[in-house]
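First up is the structure itself, then whatever we jot down about it.
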There are 2 protein chains.
Amino acid sequence: MTKRLSDKVEDYLKSIYHLSKGEGRVSTGQIAEDMDVSPASVTDMVQRLAAENPPLLDYRKHQGVALTGDGKKAALEIIRHHRLLELFLHEVLGFSWDQVHEEAERLEHVISEEFEERVAAVLGNPQRGLHGEPIPSRTLEMPDPDCCHLQELRTNQRGRIQEVNDDDPGFLRYLAAQGLIPGVEFEVIGYSMYDDNLRIQIGDGKEELVLGASVTSQIQVKVLE
Amino acid sequence: MTKRLSDKVEDYLKSIYHLSKGEGRVSTGQIAEDMDVSPASVTDMVQRLAAENPPLLDYRKHQGVALTGDGKKAALEIIRHHRLLELFLHEVLGFSWDQVHEEAERLEHVISEEFEERVAAVLGNPQRGLHGEPIPSRTLEMPDPDCCHLQELRTNQRGRIQEVNDDDPGFLRYLAAQGLIPGVEFEVIGYSMYDDNLRIQIGDGKEELVLGASVTSQIQVKVLE
DNA sequence: ACAAAGATTTAGATAAGTCTAAAATATAAT
DNA sequence: ATTATATTTTAGACTTATCTAAATCTTTGT
Ligand SMILES: [Mn+2]
Ligand SMILES: [Mn+2]
Ligand SMILES: [Mn+2]
Ligand SMILES: [Mn+2]
């Protein structure tokens, strides 16, 4: 009989989960930035969530917050909804991969466990989302990331695109146009230390791309070999 | 650029639409009863909706409210969402006909026009919902009801079930168990004027049912011949 | 070690939606 | 036509979520 959380609370928990990757502390300022609200609003909200029964956050003045077990569970529930919904919107309703995020952002808060189960079943209990994100299991276990940011790779390293940032439709269309989609393999063939540009070659074709840090920081890859 | 209405506002407009059947005035008391909130809350809300720009309601003190053109359009938009969603939940996700209403009640407020269009397309642009209700068109025209309550029929009249009240799961399971579903034809073979019980025979089998007023008032039928 | 800068928290306001209790109005009954 | 009853509206309060401006910590640079 865990009391139903509001949409806003769910979005706060999700934001904190993403910023902390499930562990560690996050500052109120980071949350304010990510959620596009004032720092004062965040302080107020996190104090309320820390005072909940059971508490959803561990809050200490001037030292940010960490998710409690309950807070993390609530966040993972919504993240599971979000990622299943994105896949469903694409596979069943034909939404394009840059349109699904916004729609899922609203739907994630209102679907029942029944809906979640049925969608998962229709999709064959997938473990990865439309943009390559791992989907928490029914029991809310989140698989390890087993990948790092493309940004961190250097010349001669090979990798496979694992996951891309999905909250900017324009960026997603750009990625698709360049062939930078989850599953694609590549080799780093150059690095410029002054601007952090990375030159990569996709597949075994001669297709080359030069990507800036603001692109490579939004792509997660698995290093090969 | 019509400002986005809140879920609550949409539910008020929908309630007023149903109570007034799109025309005429409705008292604040009726709305309070239907929405399960206090009369004071209703008065407050209808005054706000009447003060909107453009106004969604016509309100006169102590004389109830009527939907304006804009209010009616907003109500029909949500009713279209609701009925398309119920059908979708049943046809695509396998929800039973007594489960869909509750889920649709929440989803109706958050789906985009894009979602609405795609669902309608997947379903083949249906004109009737899962419980027989007419579905407003894309342009928000509501087809005429062309039917009346089963309650009003008398001995020897034949009819076809057109539409049933869908907000009580138990009632829907009861109807399904009795074979009282939209499309089924029957003949009234008896009427008891003291308790308003109706005796009906379904199809041409010898299956007979006796139905009280609280059942017959929740079923809409088309009179045959 | 201390002042300046930066981040966070408090204080005070506002808007939406709800409630209960009291006041006002309308309807029905004598 | 008055009085009694029922309905509706107002008044005052509360909750959630947000803001701006002011106060208070923390961190950093010298
Ligand atoms: Mn997303
Ligand atoms: Mn969201
Ligand atoms: Mn319904
Ligand atoms: Mn609703």
Side-chain angles (χ1 to χ4, degrees), chain A residues 2-16 19-20 24-67 71 74-75 78 105-106 108-110, chain B residues 2-16 19-20 24-67 71 74-75 78 105-106 108-110:
Chain A
T2 26
K3 179 182 20 169
R4 147 91 175 127
L5 305 173
S6 77
D7 296 9
K8 308 294 186 163
V9 166
E10 290 178 343
D11 280 337
Y12 272 94
L13 294 174
K14 198 157 57 104
S15 168
I16 294 165
L19 291 170
S20 69
R25 307 192 77 78
V26 180
S27 74
T28 51
Q30 284 175 279
I31 301 168
E33 164 78 28
D34 184 58
M35 306 250 318
D36 204 34
V37 296
S38 74
S41 301
V42 175
T43 298
D44 195 81
M45 177 61 97
V46 298
Q47 287 177 346
R48 266 163 36 215
L49 297 185
E52 280 289 306
N53 201 280
L56 299 167
L57 295 178
D58 173 83
Y59 166 72
R60 296 181 222 141
K61 267 192 193 145
H62 294 102
Q63 320 223 141
V65 296
L67 290 167
I78 299 302
E105 199 58 53
R106 284 173 277 111
E108 63 189 5
H109 307 290
V110 305
Chain B
T2 26
K3 178 183 20 170
R4 146 92 175 126
L5 304 174
S6 76
D7 296 10
K8 308 295 188 161
V9 166
E10 290 178 343
D11 280 337
Y12 272 93
L13 294 174
K14 197 156 59 104
S15 168
I16 294 165
L19 291 169
S20 69
R25 307 192 77 79
V26 180
S27 74
T28 50
Q30 284 175 279
I31 301 167
E33 164 78 28
D34 185 57
M35 305 252 316
D36 203 34
V37 294
S38 75
S41 300
V42 174
T43 298
D44 195 80
M45 177 61 97
V46 298
Q47 288 176 346
R48 266 164 35 216
L49 297 185
E52 279 290 307
N53 202 280
L56 299 167
L57 295 177
D58 174 83
Y59 165 72
R60 295 180 224 142
K61 264 191 195 148
H62 294 101
Q63 318 220 146
V65 296
L67 291 166
I78 300 303
E105 198 58 52
R106 284 174 277 111
E108 64 189 4
H109 307 290
V110 305

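Chain naming here is simple, since letters A, B, ... match the order of the sequence lines and numbering starts at 1 in each.
By the side chain to side chain contact (heavy atoms under 4.5 Å, CB included) test, Arg106(A) pairs with Glu102(A), Glu103(A), Val110(B), Ser112(B), sequence neighbours left out. Among residues two or more places apart in sequence or in another chain, the side chain to side chain contact (heavy atoms under 4.5 Å, CB included) test is passed with Glu10(A) by Arg4(A), Leu5(A), Ile78(A), His109(A).
Looking at residues 37-47 of chain A, you'll see Pro39(A), Ala40(A), Thr43(A), Gln47(A) sit with a heavy atom under 4.0 Å from some atom of DNA chain C.
Toward the 5' end of DNA chain D, the nearer of the two residues Ser6(A) and His62(A), judged by each one's closest nucleotide, is Ser6(A). If Glu52(B) and Gly29(A) are placed on DNA chain C by their nearest nucleotide, the residue sitting closer to the 5' end is Gly29(A).
If you take CG on Leu67(A) and CG on Leu57(A), they are separated by 6.0 Å, rounding to the nearest 0.5 Å. Of the inter-residue distances, the one linking Ser20(A) atom OG with Gln30(A) atom CD reads 9.0 Å to the nearest 0.5 angstrom. Note: Glu108(B) CD to Asp11(B) CG = 5.5 Å, rounded to the nearest 0.5 Å. Atom CD1 in Ile16(B) sits 12.0 Å away from atom NZ in Lys14(B) (nearest 0.5 Å). To the nearest 0.5 angstrom, Thr28(B) atom OG1 is 13.5 Å from Met45(B) atom CE.
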Can you give each donor-acceptor pair under 3.5 Å made by side-chain atoms of residues 31-41 of chain A, sequence neighbours left out, with the distance rounded to 0.1 Å?
from, atom 1, to, atom 2, distance (Å)
Asp34(A), OD2, Ser15(A), OG, 2.6
Ser38(A), OG, Ser41(A), N, 3.2
Ser38(A), OG, Ser41(A), OG, 2.9

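Close approach of DNA chain D to chain B, defined as any atom under 4.0 Å from a non-hydrogen atom of the protein, starts and stops at dT8(D) to dT10(D). Protein chain B touches strand DNA chain C; the 5'-most and 3'-most nucleotides with an atom under 4.0 angstrom of its non-hydrogen atoms are dA16(C) to dA26(C).
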- Message: Working note: Arg25(B) + Asp58(B), criterion side-chain contact (heavy atoms from CB on, under 4.5 Å); need CA distance, chi angles, decisive distance, verdict.
- Response: CA-CA 9 Å; Arg25(B) 307 192 77 79; Asp58(B) 174 83; 2.9 Å; yes

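Between Pro55(A) and Ala50(A) the shortest heavy-atom distance is CB-O, 3.5 Å.
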